[in-house]
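Here is the structure we will look at.
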Protein chains: 2
Amino acid sequence: MGRPSVKEQRTEEILDAFARCVARYGLEGSTLERIAEEAGVQRTILRHYIGNREALVAALGVRVEREFTASTEALFEWLPEYDRIEHLVDALFEPSLGTSSEDLSVAQALISASKLYPDIGARLKSWLLEFERLVAQELSTRYQRASPSAIAEVSLGLLSIYFSVDAFSPLQLPDSHRELASQAAWRLIRTLET
Amino acid sequence: MGRPSVKEQRTEEILDAFARCVARYGLEGSTLERIAEEAGVQRTILRHYIGNREALVAALGVRVEREFTASTEALFEWLPEYDRIEHLVDALFEPSLGTSSEDLSVAQALISASKLYPDIGARLKSWLLEFERLVAQELSTRYQRASPSAIAEVSLGLLSIYFSVDAFSPLQLPDSHRELASQAAWRLIRTLET
DNA sequence: ACTTATATTGTCAAATATGAAAATTAATTG
DNA sequence: CAATTAATTTTCATATTTGACAATATAAGT
């Protein structure tokens, strides 16, 4: 009995708003006021449902790892049976396919801040390593004769290029940059042939 | 006559401290108090020599562009006559050669914040494009038969990998990651052969 | 209608961050 | 040492941020 709880939804809304703020203002720039405004609620609501700033940051860390891991795995699940790598590269470099650009901004901001929040750093690290592992798996399935170290090098390079496209995006480089990045990724992948 | 001015040195010290804070706490997380403490002066000193927060941020932008551009060009000046690309890659991926890791953290933080500070964004953009231009120049001197687009792709890929090594560094990935990144860079470069 | 559990709003105090100016101290030159 | 110029410290006001709790409103079940 009693009034039905909206704790789940509110918590989601709040952490979503928090993530959007982090993408825009960075972690330290995301004040409780801003988060509340972004979520369209009073500031005291944040405290009521989640807790103080420390608790909010911790909750964001947990949520981000969960979401990112899920969407990364969803991406690989979604890959069709054939031309998997082609689809993967398209998803990584096509604007607004796969992981959203905002997510990567959040990831960057949290990685930079992970010296102050080691727990978040650990979570993002495990997400990233899993991402790398999935890419490597994909590559070694296609390029069975490639050595493990070659696979590791290309996987890392691929992810690096992928991340950089987003890291540079606030600079409003010409659109051609995204295409160049995609081509660079393919260059790297092709080094695994024969 | 009168007491000798230390404006130059103080200004340097303050902006250095500011940069260190930005690397650690991000731009929004760098309060005047923290910067002052990092510089070992009173907060009012910042105001006296540079101005309010807005002026400080603007000054940091100017300084960062100047410093980064200078050290990037110094790097290319420093390259010997032969094996220039080998030395360049070493400089980029060897820890603590060339541009310091802290500088790149500052660059990342400022790039993320450049939506709020368009002027800083423009400065970093021009630095980055110059960096890319220099790399491209180096590559096309060595690989004269490579097409301009191939050169552009590899230059961008190279810088992306370079930046990512630093972007990921707070995660304390195994040391092997740096080596993998370097190898990935070489893989990319070798695609320009013949 | 009453109870109950929860949502939502309101209020206050403390801590921190910023802005601005006045007052003081220190080094140099004549 | 006196004058001068600039460095440094002191002080005050204001705005923002955060924390904590009280008070009220709302939607269920009985």
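Only heavy atoms go into these numbers, but all of them, side chains included; no hydrogens, no water, no symmetry mates. Chain naming here is simple, since letters A, B, ... match the order of the sequence lines and numbering starts at 1 in each.
- In this structure, the side chain of A:Lys125 engages the main chain of B:Gln172 through a donor-acceptor pair within 3.5 Å.
- The interatomic distance linking A:Asn52 (CG) with D:dG19 (P) rounds to 5 Å, in whole Å.
- At least one side-chain nitrogen or oxygen of A:Tyr49 sits closer than 4.0 Å to the OP1 or OP2 atom of C:dT8.
- When rounded to the nearest whole Å, the span between CD1 of A:Ile35 and C1' of D:dT16 equals 15 Å.
- Rounded to whole Å, the distance from CG on B:Leu32 to P on C:dT18 is 4 Å.
- Rounded to whole angstrom, the span from the CG atom of B:Leu46 across to the C1' atom of D:dT8 amounts to 13 Å.
- Atom-to-atom, CZ of B:Phe18 to C1' of C:dA17 comes out at 14 Å; the value is rounded to the nearest Å.
- When distances run from any side-chain atom of B:Thr31 to the nucleotides C:dA17, D:dG19, C:dA20, the shortest one goes to C:dA17.
- Side chain of B:Glu94 to backbone of B:Ala91: no donor-acceptor contact under 3.5 angstrom is found.
- Heavy-atom nearest nucleotides on DNA chain C were determined for A:His48 and for B:Glu54, and the one closer to the 5' end corresponds to A:His48.
- As a whole-Å value, the separation of B:Gln9 CD from D:dA7 C1' is 12 Å.
- Distance alone, capped at 3.5 Å, is enough to place a donor-acceptor pair between the A:Arg34 side chain and the A:Gly29 backbone.
- Looking at heavy-atom distances under 4.0 Å, B:Val41 makes no contact with the nucleic acid at all.
- Separating the CD1 atom of B:Ile45 from the P atom of D:dA6 is a distance of 15 Å, rounded to the nearest angstrom.
- Along DNA chain D, the nucleotide closest to A:Pro4 and the one closest to B:Gln42 are compared, and the more 5′ of them pairs with B:Gln42.
- The phosphate of C:dT18 has OP1 or OP2 within less than 4.0 Å of a side-chain N or O from B:Arg53.
- Using a 4.0 Å cut-off, some side-chain N or O of B:Arg10 falls inside it from OP1 or OP2 of D:dT8.
- Nearest to the side chain of B:Arg43, among C:dT18, D:dA28, D:dG19, sits C:dT18.
- When distances run from any side-chain atom of B:Thr44 to the nucleotides D:dC21, D:dT11, C:dT8, the shortest one goes to D:dT11.
- The number of heavy-atom neighbours closer than 6.0 Å to CD of B:Glu102, taken from other residues, nucleotides and ligands shown, is above 12.
- In this model, the phosphate group of D:dA25 is not approached by any side-chain N or O of A:Arg3 to a distance below 4.0 Å at OP1 or OP2.
- The interatomic distance linking A:Glu13 (CD) with C:dA7 (P) rounds to 12 Å, in whole Å.
- Contacts classified as ring-ring contact (aromatic ring centres under 6.0 Å, His included) and involving residues 166-194 of chain B (residues at least two apart or in different chains) are given here: A:Phe163-B:Phe168.
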